[in-house]
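These notes concern the structure reproduced below.
Worth knowing before you read on, the calculation uses all heavy atoms, side chains too, and leaves out hydrogens, waters and symmetry mates. Each residue takes its place number in the sequence, starting with 1. Atoms within each ligand, like the ligands themselves, are counted from 1 in listed order.
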Amino acid sequence: MVPRGEGYSMSGWNHRHILDLASFSREDYASVLELAERFRALPVTGARKIPALQGRLVATLFFEPSTRTRSSFELAAKRLSADVMSFSPSSSSLSKGESVLDTARTYVAMGADVLVVRHRSTAVPQQLAEDLERAGERTVVLNGGDGLHSHPSQGLLDLLTLARHFSPQHPMPEALQGKRVVIVGDILHSRVARSNLWALTACGADVVLCGPPSLLPDAFEAFVDAPPPGFSVDPVPVRGRITIERRLEKALDGADAVMTLRLQKERMGQQLLTDLDRYHRDFGLSHQRLLLCGKAVPVLHPGPVNRGVEMTGELLDDLKICLVEEQVRNGVPTRMALLYLMAAAESAAESSLVSSSS
Ligand code: CP
């Protein structure tokens with residue numbers, strides 16, 4: 001049965017805004033995966049909508065370009081019967097000098113229940129959430145990707161994709177336990193890598209990071225060692241390990257899955273890479289390179305892909321190995337789960353307010 005807003009147990013879910021995955025417990029990951037899996041099982045033809053978010057308004061405020069995340073959130077909201085408002089920076093009043101905060105407030109004034117926010121600067125979604133809290137607004141913020149910091153829905157859809165690969169019958173966090181997941185490429189500029197580090201290690205995977213020092217500083221080995229910001233104790237008692245291997249051949253040896261990341265030239269303040277051919281030779285994936293894993297392993301990439309740089313075009317087109325399209329497919333039910341959980345948490349808060357005042 002797919003939840004309709006009142007029947008699904010969300011015991012322990014206490015995230016009002018979703019700004020990053022650092023604060024997620026293993027139970028939180030389980031809630032998202034379980035719900036996403038239910039939404040994934042909805043028929044792909046015929047009546048695709050359920051009325052869970054009927055009467056709610058979701059606004060997608062993407063101040064930075066996006067193909068996948070924005071469309072996927074909008075489709076997810078529509079499948080849950082929410083109204084959707086979309087915002088385009090180039091045709092908005094930003095060009096007349098209106099601030100990001102005032103833009104967001106405009107959508108709140110129109111009754112937005114959820115703001116999905118993407119911005120090139122770290123912490124913009126958090127600042128908006130704090131501003132809404134100060135103003136006593138009930139609108140919640142969902143981070144659609146901020147600077148180098150976080151891309152929580154991408155981390156979660158990657159988790160669902162891997163859990164489904166390792167355990168198709170029971171795609172839950174434990175499917176990742178003890179797996180060796182290699183993340184290769186531009187880790188330094190990747191919010192996707194950071195979200196995946198929190199998610200994968202929380203589910204017990206050991207992560208091997210691979211890239212040149214200019215794109216992968218040594219400090220990443222200790223990324224999850226300290227409690228997340230704002231926590232005195234990590235909400236995940238035992239995490240998988242993070243190690244760094246500079247040579248792709250060593251990183252791939254024994255891997256269970258490989259995730260490669262886009263070279264994010266737009267975020268490189270200085271010329272960190274001079275030779276794309278050399279990067280592809282040292283860190284690019286190909287069918288031949290994958291033989292080093294010693295077994296058949298899936299390849300993930302959050303997209304958009306630089307064809308022939310992060311991986312060969314032949315590998316990108318090989319849907320038996322490359323799960324890029326599967327990741328996109330899993331994005332919709334994952335985002336439905338997030339929107340559903342946020343709306344259900346808000347309804348629970350509203351009813352407790354009503355019952356305490358009556
Ligand atoms: N993976 C991802 O965030 O893609 P978009 O930039 O197209 O949303």
Side-chain angles (χ1 to χ4, degrees), residues 18-21 32 36 58-79 84-90 100 114-126 141-162 164-165 181 183-200 215 257-268 285 298-307 309-311 315-316 319 322-339:
I18 297 179
L19 303 171
D20 59 43
L21 296 182
V32 174
V58 174
T60 52
L61 307 187
F62 278 56
F63 298 92
E64 192 190 63
S66 165
T67 296
R68 280 146 283 267
T69 311
R70 176 169 159 169
S71 321
S72 179
F73 265 117
E74 292 181 357
L75 185 55
K78 287 174 184 170
R79 292 248 163 102
V84 177
M85 276 196 304
S86 149
F87 156 86
S88 170
S90 59
V100 169
V114 181
L115 301 180
V116 183
V117 179
R118 169 173 288 192
H119 199 281
R120 65 192 293 275
S121 301
T122 291
V124 165
Q126 180 163 346
V141 176
L142 214 164
N143 185 355
D146 64 323
L148 311 183
H149 170 231
S150 183
H151 193 344
S153 63
Q154 180 73 43
L156 291 166
L157 75 87
D158 292 342
L159 189 63
L160 176 65
T161 304
L162 285 170
R164 287 187 58 77
H165 174 82
V181 180
I183 305 181
V184 55
D186 183 1
I187 316 283
L188 177 63
H189 300 99
S190 177
R191 54 196 178 208
V192 175
R194 287 170 175 83
S195 287
N196 266 286
L197 285 175
W198 289 114
L200 294 171
L215 300 179
V258 186
M259 180 182 298
T260 176
L261 300 169
R262 185 171 66 86
L263 281 181
Q264 304 192 43
K265 292 178 221 141
E266 76 276 19
R267 294 192 211 285
M268 294 183 188
L285 297 179
V299 170
L300 287 80
H301 189 304
V305 180
N306 293 306
R307 212 171 245 272
V309 178
E310 293 102 39
M311 69 177 99
L315 183 56
L316 180 60
L319 302 186
C322 184
L323 301 186
V324 169
E325 289 186 15
E326 182 69 3
Q327 287 169 272
V328 172
R329 247 189 306 280
N330 288 334
V332 177
T334 302
R335 290 172 173 124
M336 288 172 79
L338 290 176
L339 291 171

If we ignore angles and hydrogens, is there a donor and acceptor under 3.5 Å between the side chains of H119 and E64?
no
So, R70 and E74, do they make that salt bridge, N to O below 4.0 Å?
yes
Taken to the nearest 0.5 Å, the spacing of S195 OG from H149 NE2 works out to 7.5 Å
Tabulating one pair per line, provide the atom names and distances (0.1 Å) for every N/O atom of ligand 1 that is less than 3.5 Å from a protein N/O atom.
residue  : atom  : partner : partner atom : Å
ligand 1 : 1 (N) : Q154    : OE1          : 3.1
ligand 1 : 1 (N) : P302    : O            : 2.9
ligand 1 : 1 (N) : G303    : O            : 3.1
ligand 1 : 3 (O) : T69     : OG1          : 3.0
ligand 1 : 3 (O) : R118    : NH2          : 2.9
ligand 1 : 3 (O) : H151    : NE2          : 2.9
ligand 1 : 4 (O) : R68     : NE           : 3.1
ligand 1 : 6 (O) : R118    : NH1          : 2.9
ligand 1 : 7 (O) : T67     : N            : 2.8
ligand 1 : 7 (O) : R68     : N            : 2.9
ligand 1 : 7 (O) : R68     : NE           : 3.1
ligand 1 : 7 (O) : R68     : NH2          : 3.2
ligand 1 : 8 (O) : S66     : OG           : 2.6
ligand 1 : 8 (O) : T69     : N            : 2.9
ligand 1 : 8 (O) : T69     : OG1          : 2.6
ligand 1 : 8 (O) : R118    : NH1          : 3.4
ligand 1 : 8 (O) : R118    : NH2          : 3.3

Find out whether the Lys NZ or Arg CZ of R335 is both under 6.0 angstrom from the six-membered ring centre of F73 and within 45° of the ring's axis.
yes
Would you please say whether a donor-acceptor pair under 3.5 Å links the side chains of T161 and N330?
yes
I'd like to know whether H151 forms a side-chain contact (heavy atoms from CB on, under 4.5 Å) with R194, so could you lay out the CA-CA distance, the side-chain angles of the two residues, the decisive distance to 0.1 Å, and finally the verdict.
CA-CA 8 Å; H151 193 344; R194 287 170 175 83; over 6 Å; no
